[in-house]
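Keep in mind it's a predicted model, so treat the numbers as computed, not measured.
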Amino acid sequence: MNDIILSTQNGEPVASSRDVAKRFGKEHKHVLAAIRQLLVAENSATKFFHETEFEYRGQKFPEYLMNRDGFSLLAMGFTGKEAVQWKLKYIEAFNEMEKKLAAQHKEQQAVQDANIQGAIDRVIEARKKLDENTAFLDECRKNREDSKAKYMQVKALCGEF
């Protein structure tokens, strides 16, 4: 599988038209033409291909990055025993890349969940402390009111003498 080169774009595994041309023993210009024919024939296929460019000896040339569906659509037109072998290798490489991306996403989700739970726990603890402080302040207010009432009673009694 090391002979299949995939990268990611927007979190999705993609293959380049240059790599497809190289692995299938085709000229890159013919692969570009095949992709363009697909895009002309079916406008909805544009979501499978992303046109970009690469630099070679100071010049820029077009290439396409394609997701699994774009690769499948393109490779369906390739024939021969070697083409079948390469199709299978690409399918395996896409599956492997998707598994890795899914595992990364799962790990990231677990970290996010742990962070959220930690934040919730801190909010609950802060709320408990706030409730305790509020209860303490309420008790202080009650004691102050009681003391004030007793003071007023004593003052009233002292005023009678």
Side-chain angles (χ1 to χ4, degrees), residues 1-20 22-23 31-32 35-36 38-56 58-76 86-161:
M1 183 151 56
N2 291 339
D3 42 4
I4 302 296
I5 300 170
L6 292 180
S7 60
T8 58
Q9 181 179 15
N10 298 324
E12 181 178 37
V14 294
S16 76
S17 55
R18 288 189 304 147
D19 191 48
V20 169
K22 180 180 175 185
R23 303 303 180 203
V31 172
L32 290 176
I35 292 170
R36 289 179 180 134
L38 289 170
L39 294 174
V40 168
E42 183 54 53
N43 191 41
S44 66
T46 58
K47 62 186 171 198
F48 304 142
F49 298 94
H50 172 72
E51 187 171 11
T52 186
E53 55 187 26
F54 68 97
E55 193 170 320
Y56 179 72
Q59 289 187 307
K60 294 187 179 200
F61 297 94
E63 80 173 324
Y64 282 92
L65 298 178
M66 64 198 84
N67 64 14
R68 176 207 301 260
D69 295 337
F71 169 78
S72 299
L73 190 60
L74 175 65
M76 281 183 205
W86 280 107
K87 288 176 195 179
L88 292 171
K89 286 182 182 183
Y90 268 96
I91 289 168
E92 184 180 332
F94 271 105
N95 287 338
E96 186 65 30
M97 178 69 84
E98 284 180 344
K99 283 181 189 174
K100 287 179 184 175
L101 291 172
Q104 286 175 352
H105 177 71
K106 192 173 184 178
E107 289 172 14
Q108 290 170 346
Q109 190 64 47
V111 169
Q112 287 176 343
D113 290 349
N115 289 340
I116 289 169
Q117 187 60 51
I120 290 170
D121 292 344
R122 288 189 299 276
V123 166
I124 290 170
E125 189 59 35
R127 181 59 198 218
K128 285 180 185 176
K129 287 181 182 180
L130 178 63
D131 290 345
E132 289 171 5
N133 289 339
T134 301
F136 175 73
L137 288 174
D138 288 345
E139 184 66 28
C140 289
R141 284 186 192 106
K142 182 180 178 292
N143 290 339
R144 186 183 73 203
E145 292 298 321
D146 289 348
S147 294
K148 185 177 177 182
K150 287 179 185 174
Y151 170 76
M152 295 305 279
Q153 286 176 349
V154 169
K155 186 176 178 185
L157 287 174
C158 289
E160 293 178 4
F161 292 107

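Here Thr134 pairs with Leu130, Asp138 under the side chain to side chain contact (heavy atoms under 4.5 Å, CB included) rule; sequence neighbours left out. Residues that satisfy the side chain to side chain contact (heavy atoms under 4.5 Å, CB included) test with Leu65, not counting sequence neighbours, are Gln9, Val14, Ser16, His50, Thr52. Residues passing the side chain to side chain contact (heavy atoms under 4.5 Å, CB included) test with Phe61, sequence neighbours excluded: Phe54, Tyr56, Gln59. Lys60 meets the side chain to side chain contact (heavy atoms under 4.5 Å, CB included) test with Glu53, Glu55; sequence neighbours excluded.
Ile35 is listed as a side-chain neighbour of Ser17, based on a closest heavy-atom distance under 4.5 Å.
The structure places CG of Leu39 at 7.0 Å from OG1 of Thr46, a figure rounded to the nearest 0.5 Å. Here CE of Met76 is found 10.0 Å from CG of Leu74. Values are rounded to the nearest 0.5 Å. Here the straight-line distance linking atom CZ of Arg141 with atom CZ of Phe136 works out to 11.0 Å at 0.5 Å rounding.
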side-chain contact (heavy atoms from CB on, under 4.5 Å) assessment of Phe48 paired with Met66
CA-CA 6 Å; Phe48 304 142; Met66 64 198 84; 5.8 Å; no

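Classified by interplanar angle (parallel below 30°, tilted 30° to 60°, perpendicular above 60°), the ring pair Phe49/Tyr64 is perpendicular.
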Which donor-acceptor pairs under 3.5 Å do side chains of residues 116-128 form with protein atoms, sequence neighbours excluded?
| residue | atom | partner | partner atom | Å |
| --- | --- | --- | --- | --- |
| Gln117 | NE2 | Asp121 | OD1 | 2.9 |
| Arg122 | NH1 | Gly118 | O | 3.3 |
| Arg127 | NE | Asp131 | OD1 | 3.0 |
| Arg127 | NH2 | Asp131 | OD1 | 3.4 |

Show me the donor-acceptor pairs, under 3.5 Å and distance only, between side chains in residues 142-151 and residues at least two apart or in other chains.
| residue | atom | partner | partner atom | Å |
| --- | --- | --- | --- | --- |
| Lys142 | NZ | Asp146 | OD2 | 3.4 |
| Asn143 | ND2 | Glu139 | O | 3.4 |
| Ser147 | OG | Asn143 | O | 3.0 |

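Sorted pairs that involve residues 102-115 and meet salt bridge (charged side-chain N to carboxylate O under 4.0 Å, His left out), not counting sequence neighbours, are lacking altogether. Among pairs with a residue in residues 61-75, those fulfilling salt bridge (charged side-chain N to carboxylate O under 4.0 Å, His left out) read Arg18-Glu63, Arg68-Glu98, at least two apart in sequence or across chains. Counting only residues at least two apart or in different chains, salt bridge (charged side-chain N to carboxylate O under 4.0 Å, His left out) contacts with residues 41-52 comprise Arg36-Glu51.
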